[in-house]
Amino acid sequence: MSKNKTAGYKGPYGYQKRREGDGRSCVRYKCGLTNTIQDVLRQRPGWMEVKDDGEWDFNWCDVGWLRENFDHSYMEEHVRICHFRNHYELTRKNLMVKNLKRYRKTLEREAGRIEASKCDFFPRTFELPSEYHLFVEEFKRSPGSTWIMKPVARSQGKGIFLFQKLKDIMDWKKDGSRSEEQRDETQVESYVAQRYIENPYLISGRKFDLRVYVLVTSYIPLKAWLYRDGFARFSSTRFSLTSIDDQYVHLTNVAVQKTAPDYDPEKGCKWQMQQLRRYLTARHGTETIEALFKDVDNIFVRSLQSVQKVIINDKHCFELYGYDILLDQDLKPWLIEVNASPSLTASSQEDYEMKCCLLEDTLHIVDMEGRLTGREKRVGGYDLMWNDGPVYREDVNLETLGSACFTANTHLGCVNDRKKQLRQLLKPFPSKKRI
Amino acid sequence: MMDEGTELSLTIAQIVQRLKATHLHSQIERQAKECLHRPEIQLESLKEDVRNFLKASGWERKLQNAVYRELHVQPLPSHPAAPPEHAKEPLAYMRKAQVNWEKRILKSLNSMCTELGVPLARKRPAVEQKELTNKWNEMGTDEPDLSRFRPVYAPKDFLEVLISLRNPNHDSSEEASAKSHWGLIQVPLHDRDIPQMREAYSELSLTTGQLGIDDHTHVPPDLFESEHTRIGKKVVNEQDSAAAQQYSRQGCPTGLRADLWALILNSTNEPEDVMHYEQLKAGVIHHDLLVDNLIYKDVKLTASNDDYYFVFEDFLYQVLLCFSRDTAVLEHFSYNSATPPKSYIQGKVGVEEFAVVYPPNGVIPFHGFSMYVAPLCFLYNEPSKLYSVFREMYVRYFFRLHSVSSSTSGIVSLCLQFERLLQTHLPQLFYHLREIGAQPLRIAFKWMVRAFSGYLSTDQLLLLWDRILGYDSLEIVAVLAAAVFAFRAENLMEVTSLTSAEAVLADLSTLKVMPLIQIFLFATVI
């Protein structure tokens, strides 16, 4: 029978005994997915899988399970689950845009136009059919432009297409002339129409987008971590606006690329983030690319802030988001979307290892074992990006407060020497004295 | 032997001769004429004033860089009575071996040509020309049937040639077994030992700052990196070729590397360079060469399958197809032991006026050739600039990796150097590997032939090539090869076959080259 230990106690694996003290010395987990996360959970010392309806301390569930069960589950204080109840406010394309637009308006009202312009990282987007008329106005204002239609709730590139003529999207026309009967019969799926970025940054003629991982452990106050690794996903064919029907050119999702006729699984169409960062730095210089990555940080922070008041904050929840970012030729980053369930299936050995490390570090931060003090700025490959305020690399204290130069504590695409850092971080020592 | 004074005047005369024909000469001439209008040019001190003007406006520096470049590609000075082939390669037995090797390659090429019924060269019909022009930026999407084409040779074929090299004047019968060479290369070339290299590569010593070591995350940047970058910016601003070369010995910062390498190689992207490239491109459009298929095949088999370089597939075609047609490359054969294959117009065999070099640049690509270009795509994305840099790197360094010569940067010397370093400093390992039938050179050869391209991760490769440029020598490649074996020595001692030895050394992508080289050169107990 274990009793509550003091905060400084660290057992053989550093377990924190359950507060209710009912004697469990391991973490019982439930896992709804069958990919890399399964392996990571299984290999974690002291973690045991529970089957069926057993009680669990940790749940890595899919969003479907969440939708059906979250509201009916009672979770004890120490329990953790990998999604926020209404994550879709950030991850469904139409809601994300709605929240961002609203946040931008508030910012403009409260802090002025310049501050609000920092939110101009998403292309003009309209929800259809509800915003059809607004969309048409914008469409007519920019003749010859290309737009992309995306279903709000699907993933992996399904249902997406490009168009340049209004007639291609007649089905989404919100029109009082349609009879009641017609409207009931053909309930069109909700889509967003978004201005297509026609000048993406190309490497050797190929378009790519960035997948970045952001871990949020709390919305109020906002605490977010940025993972150093990520990747650039290349389209397997050369970019050209003349073939907008060729979705293999325009969509860089690995899932879509896999079905392309010349896809060679051995070839791989990804670059590690470090590779991309080095390439861009070699082409444009250090200062330019540091500024670019600062703009990318801005996207994460602002997008999270835009849903901060809407998301139901729950101390049991944490969420690992997969952000999709696109660069244009002027090196401006654009937010394409945020995924609540970024793919954890590995496309290669290298990819598998990266995802394992990502998930391990995620679990380190969730810290079921109680090994962290809560004051860490870095855990493995994660850097603390926002902690109810910006987090800086330099220690901010009375002495440094006067200095003008603070750098953000983010290292996207930088060296990830996580093993070394973890060895130092998770060293068990008897007590921590602060003078 | 000529005395130094005569040698120098001869070199100067040669350089002046070469530069007179260049665009730079006419530009400087024009500048000199135009500056006469300037107020500071006085008639009394005309020569002095014009000189000062050229200096202040940066033209003197450009001339310096051009001279510096010529010094790099000069054939070795030799006796006035020596025949030109001595400038290519002084040792007769090496020349003979190279000639025989070339005969074999040519035979292989010709037989492929006959077998497949494909002509060596063919003018493209207008329709095909138009198609190619449209597809120029995405030739990688083309999937021609290349199954019938085979690479003309692979590095391992070349290795066999090197292994069979013998100096007929060298009597090795008297050598005791302890002194004899355990490796595969059995020619008595001179190379440097570690104490000599410590002096030569002093900038790589343990006490000198390096990129690849002292820019590591835990080292505060003000210790070395910031200052080094500041100096690098200055070097680029000054546009000084020689300074850039010296600077590169300690590594080039990522953001400055493209400019620094272009400076070291004196690789410009002036209108005349762009025009030259466009002319080559026109050549590709008009004629189809048999070697084009070899290039396509090589790119598809190597670079396209590489995790880092697959993106640059199209650039590789744009560079290599033009390269094959560039007759300016023929100049380097004056100091290359190789000789371009010649073909004669029908009926005029042996008559020099009717000789045609094939391919036009005289270089037949082999399996892995495209990997010389691939890392450069990381730095340059304008095809004419990329082309210019690659061509210069080829005529200064890469050609030595696939021709038989006695040059210290030549592949024969590199192999010998590698084996000697291993035998001297890791005798137990070498002996063990020999016993299990895993001669180290059989594994290391493919790395060295490609100067490690495709084996190291890109950032590490670029750090290595920084030093090749900085020291104007490929010797460091042999040192790295030995250092890799030293690093994995423990695991290699456990293996019992060639296959398992290869497996231990199959993946070099996690290696950090500078620490390995530094430790091998400066921390090995002599």
Side-chain angles (χ1 to χ4, degrees), chain A residues 201-208 228 231-240 242-243 246 248-249 260-262 264-272 274-290 347-351 353 378 407 411 414-418 420-421 424, chain B residues 134-143 215-218 221 225-226 229 232-233 236 252-261 300 303-318 374-383 386 457-463 507 509-510 512:
Chain A
Y201 190 94
L202 302 176
I203 294 183
S204 193
R206 290 199 226 216
K207 181 175 163 178
F208 65 94
R228 295 187 180 198
F231 41 87
R233 297 175 295 200
F234 287 91
S235 128
S236 67
T237 49
R238 283 72 181 153
F239 181 77
S240 143
T242 55
S243 55
D246 185 352
Y248 301 117
V249 173
D262 61 348
D264 177 1
E266 303 301 314
K267 219 190 287 190
C269 32
K270 289 187 197 179
W271 265 9
Q272 282 181 356
Q274 285 79 5
Q275 186 76 347
L276 179 77
R277 186 162 184 158
R278 254 182 251 125
Y279 174 86
L280 291 173
T281 307
R283 301 274 351 279
H284 302 279
T286 319
E287 286 90 25
T288 312
I289 300 306
E290 273 177 5
S347 60
S348 70
Q349 183 60 26
E350 198 177 69
D351 196 44
E353 276 156 20
R378 179 182 171 193
T407 28
H411 298 84
C414 297
V415 170
N416 185 3
D417 52 344
R418 56 179 288 279
K420 189 160 153 214
Q421 200 268 351
Q424 290 167 345
Chain B
N134 289 337
K135 243 190 4 211
W136 180 255
N137 288 322
E138 38 179 59
M139 281 186 276
T141 50
D142 218 9
E143 295 283 344
D215 51 337
H216 206 256
T217 43
H218 59 266
E225 204 185 341
S226 313
T229 307
K233 287 190 182 140
V236 172
C252 296
T254 311
L256 298 174
R257 184 177 277 126
D259 289 331
L260 285 165
W261 283 21
K300 291 277 183 211
S304 297
N305 275 326
D306 187 293
D307 284 338
Y308 294 129
Y309 303 128
F310 72 89
V311 168
F312 302 122
E313 192 183 343
D314 300 322
F315 278 169
L316 296 175
Y317 297 124
Q318 291 175 9
L376 300 173
C377 297
F378 228 65
L379 302 173
Y380 307 99
N381 81 329
E382 232 188 277
L386 174 63
S457 71
T458 320
D459 62 316
Q460 294 300 311
L461 183 80
L462 294 171
L463 288 167
D507 183 9
S509 61
T510 52
K512 301 278 179 261

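All chains are named by letter (A, B, ...) in the order of the sequence lines, taking the proteins before the strands, and each is independently numbered beginning at 1.
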Item to check | Close aromatic pair by centroid cut-off 6.0 Å: B:Phe378 and B:Trp261 | outcome: no

Item to check | Structural part of B:Cys377 lying under 4.5 Å from a heavy atom of chain A | outcome: backbone

Next on the checklist: Can you confirm if the aromatic rings of A:Phe231 and A:Trp271 lie within a centre distance of less than 6.0 Å?
Outcome noted: no

Item to check | A:His284 ring center near A:Tyr201 ring center (under 6.0 Å) | outcome: yes

Checklist entry - Under a 4.5 Å heavy-atom cut-off, does chain B meet the side chain of A:Glu287, its backbone, both or neither? => result side chain

Checklist entry - Is the centre of the B:Phe315 ring less than 6.0 Å from the centre of the B:Tyr380 ring? => result no

Checklist entry - Of the listed residues (A:Glu350, A:Arg283, A:Gln272), which shares the most heavy-atom pairs with chain B below a 4.5 Å separation? => result A:Arg283

